[in-house]
Amino acid sequence: MSVEETVSPNNFIRHIIDEDIKTGKNEGKVATRFPPEPNGYLHIGHAKSICLNFGIAKDYDGTCNLRFDDTNPHKEDEEFVDAIQKDVKWLGFDWGGRLYFASDYFQQLHDYAVELIKNGKAFVCDLGADEVREYRGTLKEPGRESPCRNRTVEENLDLFKRMKEGEFEDGARVLRARIDMASPNINMRDPTLYRIRHGVIHHQTGEKWCIYPMYDYTHPISDALEGVTHSLCTLEFEDHRPLYDWVLDNISIPCHPRQIEFSRLNLQYTIVSKRKLTELVKEGHVDGWDDPRMPTIAGLRRRGFTSRSIRDFCDRIGVTKSDNTVEMGVLENCIREDLNEHAPRRMAVLHPLKVVIENYPEGHPEELDAANHPQDESMGTRKIPFGREIYIDRGDFLEVAPNKKFKRLVSGGEVRLRNAYVIRCNEVIKDNNGDIIELRCTYDPDTLGKNPQGRKIKGVIHWVSVTHAIEAEIRLYDRLFNLPAPESAGKDYKEFINPDSLWTLTQCFIELSMADAKPGEQFQFEREGYFCLDEAHVSGNRPVFNRTVTLRDTWSKKNSM
RNA sequence: UGGGGUGUCGCCAAGCGGUAAGGCACGGGGUUUUGAUCUCCGCAUGCGCAGGUUCGAAUCCUGCCACCCCAGCCA
């Protein structure tokens, strides 16, 4: 497979790793991890991180762990841990049995906390949440020390033990690191290490614990326990790195991974924020996490994106520290490139208009041969039934050509039926409203597989035989938001939800050969785009197809300007 | 002068003192029974701005400017 041969592009993180290997750091080993919190589905931004972490492990002959950062049972759920594993696997990565949970380390995390207390590096604080905030100071002014800051080791040990044993209510006390309330870095102003959470059932540890460690405390230790060498995270954690290092420097743990930050992905016309995606799902703006309009891995999969195209996308966008917003065109290009190569061609009529071929014999349908791929003979051919009555797309007929460049069918004009004959339109039948309901045509029997003598046929249109067509529902998707950057418009992003992001067409006709298509199977509907049979939905007894992406269309683009 | 970051083509992004890669997008030509694909050509005398060092600066120095992140007992 060509993807496996692709050389991953270099980036600044790989440069750092190259240097570490050259200088013999970590004995030349490379270990990364992908650490999602199971509080939502993975999205395209996570794909960037997954490709980075697993890609590095693969290329450097190292390892990449899948570790759930499950320190906040309030927001987390088993549904998400299952979905995340499914998505990482689907993206083509393998954690090889190294599946971990931060909650696996709760006991060790607790023991290291006791160690910090014993060394006077942590204390139990009685301040309430509001007071802690007040004492923290502001961005420009230093904070004040908690009145509890100078408790004795014995008292701290006793209080922490009683916190663990459930003696205190939620919020009554926290364990804090004893660092520096005057630090210009707010993260270093005696950050909270442990909080009390009663009455929640943790999806992994049940009711075993009522104190839960914070991210800033859990993450460095989890990394170190797993022997991670390079801990890759996004830019907003850059300010947390001093704390990451402080934790590891102040406990007796032999390993000290290096945290390296890179910028997160932003994609135009969508949002890549788990919190906001959760809102879209919960408030019903979309039909679940796997709605084909969602930038989630599950949504992209259902839309018809291949994992190969997503990996390709991640390679193309690169990894840097600069803020970036990638155009949809890049993602679209990736899936078009993949599907152009791999998707077999089919014909489907989305907006049917009936055509009767008057000089074609009745009751003598024939079977024509059609290539499954115009450039790849190895994909073979198929039979397509042709008959006296066919459907063409309404958009492929106009009574009068609007300009000399129009090459579809017009009254009195000729057009090539893809994989079949040239037809001429002789008559336009209309209903009482003046709407076109049928075309009367004749065909030239001498044009199958060859061009007619003495005249040039400019246009080619697709079609489907009326008697053999399968009725289908086709869903056309457009961008979820009608603003390139819905999150930074200074208003609620939900105001920019595109009301026309889904068009459902219920009376479409697809060619017979797709009768036994499998869920998820992908096709190019010639001249329309790439479509896949929906994984889950059948509407009545009609199959449902999702449009993954249109074909590139320089013609309509030019004419719409 | 609160701290931490980032600024190279419309969007990504190489570049690491020797004279601006590549991809997407865009414009144009060719082939074509998909207005697709494929193919060829074009697309930064310029690297946030201003100075300086140097034979030579996107790369080094100085000073500005713009944008992003941080005051959860979220991650």
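Here is how names work: the chains are called A, B, and so on, in the same order as the sequence lines, proteins then strands, and each is numbered from 1. A quick note: this is a predicted structure, and the numbers were derived from the prediction, not measured.
- Considering only the side chain of A:Met214, B:rG72 comes nearest among B:rG72, B:rG35, B:rG5.
- Nucleic acid contact for A:Gly449: base, since at least one base atom lies under 4.0 Å from a heavy atom of the residue.
- Between A:Ser263 and A:Phe525, the residue whose closest nucleotide on RNA chain B is further toward the 5' end is A:Ser263.
- Remark: A:His15 is in phosphate contact with B:rG15, judged by side-chain N or O atoms under 4.0 Å from OP1 or OP2.
- Put simply, the side chain of A:Arg547 never gets that close to the backbone of A:Glu528: no donor and acceptor are under 3.5 Å apart.
- Rounded to whole Å, the C1' atom of B:rA21 lies 9 Å from the corresponding atom of B:rA13.
- Among the protein residues, A:Gly329 comes within range of the sugar-phosphate backbone only, with heavy atoms under 4.0 Å from sugar or phosphate atoms but none that close to a base.
- For B:rG72, the O4'-C1' to base torsion is within 90° of 0; the nucleotide is therefore syn.
- The side chain of A:Lys75 has B:rC74 as its nearest neighbour among B:rG3, B:rC74, B:rG23.
- When heavy atoms are screened at a 4.0 angstrom cut-off, A:Phe237 is found touching base atoms of the nucleic acid.
- Within the structure, every side-chain polar atom (N or O) of A:Arg275 is placed at least 4.0 Å from both OP1 and OP2 of B:rC74.
- Distances were taken from every side-chain heavy atom of A:Pro374 (C-beta onward) to each of B:rC73, B:rG35, B:rA36; the shortest belongs to B:rA36.
- Residue contacts shown for A:Lys450 include a base, since a base heavy atom lies under 4.0 Å away.
- Comparing the C1' positions of B:rC43 and B:rG10 gives a spacing of 12 Å, expressed to the nearest Å.
- Where A:Pro213 and A:Ala420 each meet RNA chain B at their nearest nucleotide, the meeting point lying more 5' is that of A:Ala420.
- Across B:rC47 and B:rG7, the matching C1' atoms stand 10 Å from one another, rounded to whole Å.
- Residue-to-nucleotide contacts include no donor-acceptor pair under 3.5 Å from the side chain of A:Asn185 to the base of B:rG4.
- Counting any heavy atom pair closer than 4.0 Å across all strands shown, A:Lys458 reaches no nucleic acid atom.
- Nucleic acid contact for A:Ser183: none, since no nucleic acid atom lies under 4.0 Å from a heavy atom of the residue.
- In the interface, the side chain of A:Glu141 is not paired with the base of B:rG2 through any donor and acceptor atom under 3.5 Å apart.
- In terms of phosphate contacts, A:Arg195 brings a side-chain nitrogen or oxygen within less than 4.0 Å of OP1 or OP2 of B:rA75.
- When the side-chain nitrogen and oxygen atoms of A:Arg527 are compared with OP1 and OP2 of B:rG35, one or more of them lie within a distance under 4.0 Å.
- Of the listed nucleotides (B:rG35, B:rG10, B:rU37), B:rU37 has the atom at the smallest distance from the side chain of A:Asn340.
- Taking the side chain of A:Arg552 as heavy atoms from C-beta on, and the options B:rA36, B:rA13, B:rC74, the nearest nucleotide is B:rA36.
- Not a single donor-acceptor contact under 3.5 angstrom links the side-chain atoms of A:Arg133 to the base of B:rG72.
- Using a 4.5 Å heavy-atom cutoff, the side chains of A:Ile461 and A:Arg527 are in contact.
- Here the nucleotide nearest the side chain of A:Pro184, chosen from B:rG2, B:rC11, B:rU37, is B:rG2.
- Between the side chain of A:Arg408 and the backbone N or O of A:Gly395 there is at least one donor-acceptor pair closer than 3.5 Å.
- For A:His342 (side chain) and A:Asp338 (main-chain N/O), a donor-acceptor pair under 3.5 Å exists by modelled atom type.
- Straight-line distance from the NZ atom of A:Lys321 to the C1' atom of B:rA13: 17 Å, rounded to whole Å.
- OP1 or OP2 of B:rA13 sits under 4.0 Å from a side-chain N or O of A:Ser322.
- Residues A:Phe545 and A:Phe525 bring their aromatic ring centres within 6.0 Å.
- Within 4.0 Å (heavy atoms only), A:Arg336 reaches no atom of the nucleic acid at all.
- Nucleotide B:rC38: paired with B:rG30 (Watson-Crick or G-U wobble, both distances less than 3.5 Å).
- Between A:Arg136 and B:rG72 there is a side-chain polar atom (N or O) within less than 4.0 angstrom of OP1 or OP2.
- For the P atoms, the distance from B:rG56 to B:rC68 is 38 Å, rounded to whole Å.
- Going from the C1' atom of B:rU59 to that of B:rG15 covers 8 Å, rounded to whole Å.
- Spacing of P atoms, B:rC16 relative to B:rG48, comes out at 16 Å, to the nearest Å.
- Contacts of A:Gly128 with the nucleic acid, taken as non-hydrogen atoms under 4.0 Å apart, include base atoms.
- Although no hydrogens or angles enter the test, the distance criterion places a donor-acceptor pair under 3.5 Å between the side chain of A:Lys48 and the main chain of A:Ser263.
- A gap of 12 Å separates the P atoms of B:rC60 and B:rG18, to the nearest Å.
- Closest approach to the A:Thr192 side chain among B:rC73, B:rG3, B:rG23 is made by B:rC73 (side chain taken as heavy atoms from C-beta onward).
- Within the 4.0 angstrom heavy-atom criterion, base atoms lie near A:His240.
- Proximity note for A:Ile317 (side chain, C-beta onward) versus B:rU33, B:rC24, B:rC12: the nearest is B:rC12.
- The base of B:rU34 sits with one of its N or O atoms less than 3.5 Å from a complementary donor or acceptor on the side chain of A:Gln524.
- Proximity of A:Pro36 to A:Leu42: side-chain heavy atoms (C-beta onward) are separated by under 4.5 Å at one or more points.
- Here the side chain of A:Trp463 pairs a donor or acceptor atom with the backbone of A:Arg418 at under 3.5 angstrom.
- Taking atom OH of residue A:Tyr244 and atom P of nucleotide B:rA75, one finds them 16 Å apart after rounding to whole Å.
- Contact annotation for A:Val326: backbone-only contact, meaning every heavy-atom pair under 4.0 Å involves sugar-phosphate atoms and none involves a base.
- The main-chain N or O of A:Ala343 is never found under 3.5 Å from a side-chain atom of A:Gln522 such that the two would form a donor-acceptor pair.
- For B:rC64, the paired base is B:rG48 (Watson-Crick or G-U wobble, both distances below 3.5 Å).
- One C1' atom belongs to B:rA36, the other to B:rC9, and the distance between them is 28 Å to the nearest Å.
- When each of B:rG5, B:rU37, B:rA75 is scored by its nearest atom to the side-chain atoms of A:Arg241, the top-ranked nucleotide is B:rG5.
- Using a 4.0 Å heavy-atom distance criterion, A:Leu265 is classed as making no nucleic acid contact.
- Of the candidates B:rU34, B:rC74, B:rC24, B:rC24 carries the atom nearest the A:Asn333 side chain, counting heavy atoms from C-beta on.
- Residue contacts for A:Leu448: at a heavy-atom cut-off of 4.0 Å it reaches a base atom on one of the strands shown.
- Phosphate contact (OP1/OP2 of B:rG35, side-chain N/O of A:Arg418, threshold under 4.0 Å): absent.
- Formation of a donor-acceptor pair under 3.5 Å by the A:His202 side chain with backbone atoms of A:Thr71 is not found in this model.
- If you take CD1 of A:Ile186 and P of B:rG5, they are 16 Å apart, rounded to a whole angstrom.
- Side-chain nitrogen and oxygen atoms of A:Thr554 include at least one within less than 4.0 Å of the OP1 or OP2 phosphate oxygen of B:rA36.
- Between B:rA71 and A:Thr138, no contact under 4.0 Å exists linking OP1 or OP2 to a side-chain N or O.
- Within the 4.0 angstrom heavy-atom criterion, no nucleotide atom of any strand lies near A:Arg173.
- Using a 5.5 Å limit on the distance between ring centres and a 30° limit on the angle between planes, the aromatic ring of A:Tyr215 does not count as stacked on the six-membered base ring of B:rA75.
- Base contact: A:Asp239 has a heavy atom under 4.0 Å from a base atom.
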